[in-house]
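Notes follow the structure.
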Amino acid sequence: MATSAPTSTAATLTLRVEGMDCGGCEHKVESALGRLEGIAEVSASSVTGSVKLHHPSHAAPSRDAIERTIHELGYRLISEEEAAAPDAPAPWWRTAKGRLVLVTGGLLVLAFALRLAWPALGQWPFVAATAVGLVPILQGAWGALKQRNPFTIEMLMSIAALGALAIDAAAEAAVVVFLFAVGELLEGVAASRARRSISALADLTPSTARLLEGDDTREVPAATLAPGQRVLIRPGDRVPCDGRILAGASELDESPINGESVPRARAPGDDVFAGTVNLEAALEVEVTRRAEDNTIARVIRLVEEAQAAKAPVARFIDRFARYYMPAVIGLALLMAVAPPLVAGMAWSEAIYRALALLLIACPCALVISTPAAIAAGLSTGARRGLLIKGGAVLEQLGRLKLVALDKTGTLTEGRPRVTDVEALDAGHDEGEILRLAAALERDSSHPIAAAILAHAEQQGLTVPWASDGRALAGRGIAGWVEERELSLVTPRHLAEHGEGIGEDLNARIAELEQTGKSLAVLVEGQRALGLIAVRDEPREDARQGLAALSRLGVRAVMLSGDNARTATAIGEQLGIEAHGELMPGDKAHRVREWQAAGEGPIGKVGDGINDAPALATAEVGIAMGGGTDVALETADAALLKDRVSGIAELIDLSRATLRNIKTNVALALGLKAVFLVTTALGITGMWIAVMADTGATVLVTLNAMRLLGYRFSPGPG
């Protein structure tokens with residue numbers, strides 16, 4: 001018996017179903033399973049080939065009943081083993097739908113040949129061809145009817161084909177059955193291609209890993225790795241787990257996770273993520289997460305959950321289709337009866353037109369037009385490091401008019417850099433000031449200390465050791481360096497040292513602070529020897545990302561908890577409106593003010609923790625973070641690539657998806673509208689109606705798949 005794979009929540013069951021290729025399939029499965037005892041809600045997706053069953057945690061539904069119902073509808077459950085290790089898809093001619101096309105096509109050709117060779121046989125060769133092709137269609141219709149769902153494409157096809165046989169249109173009935181089989185095959189092929197493109201994320205993690213045990217290595221399944229174990233990753237290998245580098249330094253291609261084309265240098269202490277590629281040197285890595293919790297697995301899980309959550313436009317189309325289909329069936333019935341009674345049309349002609357109209361009634365193309373595009377948009381975003389949590393978020397992103405961005409870690413790098421080193425004493429140069437300051441800060445973990453040490457290393461300076469180092473609470477640090485008693489203090493406490501503090505120095509300090517820089521002054525005794533200025537500099541791509549937002553017509557504003565002077569300086573440097581000295585609640589208040597003023601919808605970009613109130617208040621909350629738990633689990637969208645340009649890319653992808661949806665809906669409704677009119681007027685027949693229905697479904701699916709090749713160009717900064 002086929003089994004299912006439970007999701008992370010006890011009250012949800014996820015099933016993989018083979019054979020669902022269109023919106024009509026989704027509706028049949030949802031209607032049938034929704035009537036089973038113990039199931040509260042059903043959500044089917046033909047794009048992912050999955051069904052989610054929501055049920056009370058204390059009462060799981062009967063799996064036998066689920067499998068029996070799925071089988072009656074003509075589909076098949078895929079077991080856990082098959083889902084975990086899928087075989088390569090069979091070529092179309094080896095599938096059930098492919099074989100049906102070949103058989104019905106061969107019988108149709110044979111029927112035409114027999115008509116030419118033995119005209120006395122009449123319609124019987126076409127009747128036989130129709131009967132063979134109609135068997136699986138009747139089975140599908142009967143299975144849905146038993147589940148109290150009469151409005152299916154199989155039922156409409158059955159009525160149309162049997163009706164055509166009844167009015168002596170057997171040749172057309174055979175052509176209709178053949179074209180329907182071709183359409184079903186094309187739908188299956190298109191849906192399968194979309195499904196493979198979306199599920200390709202799962203192939204990023206290697207199946208095996210080289211486990212280190214002492215000095216020996218052995219190959220083990222990557223799925224068995226546990227936190228604390230060590231693995232060896234050779235150059236050219238894909239990283240099999242989320243982990244932390246213990247030994248070795250190399251560049252890693254992280255594009256599978258964040259979409260970035262430029263490799264990143266990683267050294268001991270740095271995190272690495274499953275699915276990335278080691279390029280240069282061997283690495284020893286400690287496993288930090290199990291396989292089911294690594295970055296790739298969580299991205300796949302979140303994307304699948306997002307695809308299952310229907311967008312508002314998709315829910316609207318579902319409701320519309322439920323009224324639309326019975327309405328067209330009623331119209332077909334009226335067309336079969338009214339013309340003969342009112343206008344004297346022949347009954348056979350009226351019934352023929354009504355049957356053709358029935359074939360157009362199936363809303364498959366319309367129902368799948370939106371979820372196919374949204375699923376493609378979500379998977380494309382995930383492959384490019386843009387994690388979007390649901391179709392509703394994807395829709396809303398494209399409508400954003402204003403984006404409020406945090407400063408630290410979002411627009412800036414999140415760590416200060418040394419910008420200025422100045423000697424204030426004739427006996428010292430800039431290099432000497434930096435060398436002595438770095439010695440005092442050598443054992444400190446303060447961000448400014450890290451910036452000074454990093455700058456000294458970049459300058460190639462040899463940093464001496466300091467002795468008797470001590471922190472000056474709230475003021476700085478002091479100690480002995482090369483038998484000199486030195487201190488590194490803030491300008492606020494510089495006056496405590498008395499001499500050597502003149503108006504020129506105070507003016508220079510004020511000038512540097514006005515540009516948003518933090519200062520540390522090196523003092524010996526009562527003399528100021530030099531000063532060092534640091535600032536959290538804007539990200540390299542910040543200006544380019546803001547320019548991309550501007551080109552999209554989205555206004556960008558910076559909200560910062562930093563002092564107003566620093567916020568203003570960074571804002572001026574980036575050319576962006578800036579507001580400083582804001583507490584988390586103040587940021588949320590600003591967002592509400594903009595919303596009340598009609599400047600929404602509003603997006604809020606931050607780190608997902610300090611900005612939580614504002615992220616929740618905005619229509620869309622976007623978390624910055626390179627694969628962190630915060631980035632994956634908070635907000636409505638996450639930028640795994642951790643670049644400001646990703647915000648504009650999110651918005652542009654959303655707009656591309658919305659354009660794709662509009663095109664799909666226009667194709668689905670437009671084709672049906674045209675052929676409803678031409679069929680009612682007797683211009684087109686049943687086989688054209690079948691092509692209109694199945695052809696539209698294939699077209700919207702293929703159009704949605706174009707999003708899988710989406711590319712974004714942020715343009716010049």
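The basis for the numbers below is simple: all heavy atoms, side chains too, and nothing from hydrogens, waters or symmetry mates.
For the side chain to side chain donor-acceptor pair (under 3.5 Å) test, residues two or more places apart in sequence or in another chain that qualify with E649 are R384, K641. With sequence neighbours excluded, the residues satisfying salt bridge (Lys or Arg N to Asp or Glu O under 4.0 Å) with E537 are R535. With sequence neighbours excluded, the residues forming a salt bridge (Lys or Arg N to Asp or Glu O under 4.0 Å) with D420 are K517, listed by chain and number.
Checked options V605, V393, V403; the residue passing with I622 is V605 (criterion: side chain to side chain contact (heavy atoms under 4.5 Å, CB included)). Here the options are R244, R210, R230, the test is salt bridge (charged side-chain N to carboxylate O under 4.0 Å, His left out), and the partner is E284; only R230 passes.
To the nearest 0.5 Å, atoms CG (L559) and OG1 (T410) are separated by 10.5 Å. Between the CG atom in D237 and the CG atom in L283 there is a gap of 9.5 Å [rounded to 0.5 Å]. Going from atom CG of L650 over to atom CG of L386 covers 4.5 Å, rounded to the nearest 0.5 Å.
A heavy-atom distance below 4.5 Å is not found between the side chains of L529 and L424. Under the 4.5 Å side-chain criterion, counting only non-hydrogen atoms from C-beta, L212 is not in contact with V231. Between L708 and S379 there is a side-chain heavy-atom pair separated by less than 4.5 Å. Side-chain contact between N278 and S250: present, with at least one pair of heavy atoms (C-beta onward) separated by less than 4.5 Å.
Using a 4.0 Å cut-off between a side-chain N of Lys or Arg and a carboxylate O of Asp or Glu, D536 and R417 do not qualify as a salt bridge. Using a cut-off of 4.0 Å between Lys/Arg side-chain N and Asp/Glu carboxylate O, E254 and R266 are scored as salt-bridged. A salt bridge does not link R435 to E441: none of the charged side-chain nitrogens sits closer than 4.0 Å to a carboxylate oxygen.
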Test side chain to side chain contact (heavy atoms under 4.5 Å, CB included) on L546 and I647; report intermediate values, then the result. CA-CA 9 Å; L546 293 173; I647 305 165; over 6 Å; no
Yes or no on side chain to side chain contact (heavy atoms under 4.5 Å, CB included) for D652 and L552, after CA distance, side-chain angles and deciding distance? CA-CA 8 Å; D652 190 62; L552 292 174; 3.9 Å; yes
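Between the side chains of T288 and D242, not a single donor N or O lies within less than 3.5 Å of an accepting N or O. Looking only at atom types and distance, the side chain of H589 has no donor-acceptor partner in the side chain of D586 under 3.5 Å away.
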Scan the side chains in residues 447-465 for donor-acceptor partners under 3.5 Å anywhere in the protein, sequence neighbours excluded, and list what turns up.
none

List, one per line, each side-chain donor-acceptor pair under 3.5 Å for residues 216-224, sequence neighbours excluded.
from	atom 1	to	atom 2	distance (Å)
R218	NE	E213	OE1	3.0
R218	NE	E213	OE2	3.0
R218	NH2	E213	OE2	3.2
T224	OG1	P221	O	2.7

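Sequence neighbours left out, the pairs with a member in residues 568-583 that pass salt bridge (charged side-chain N to carboxylate O under 4.0 Å, His left out) are R555-E577.
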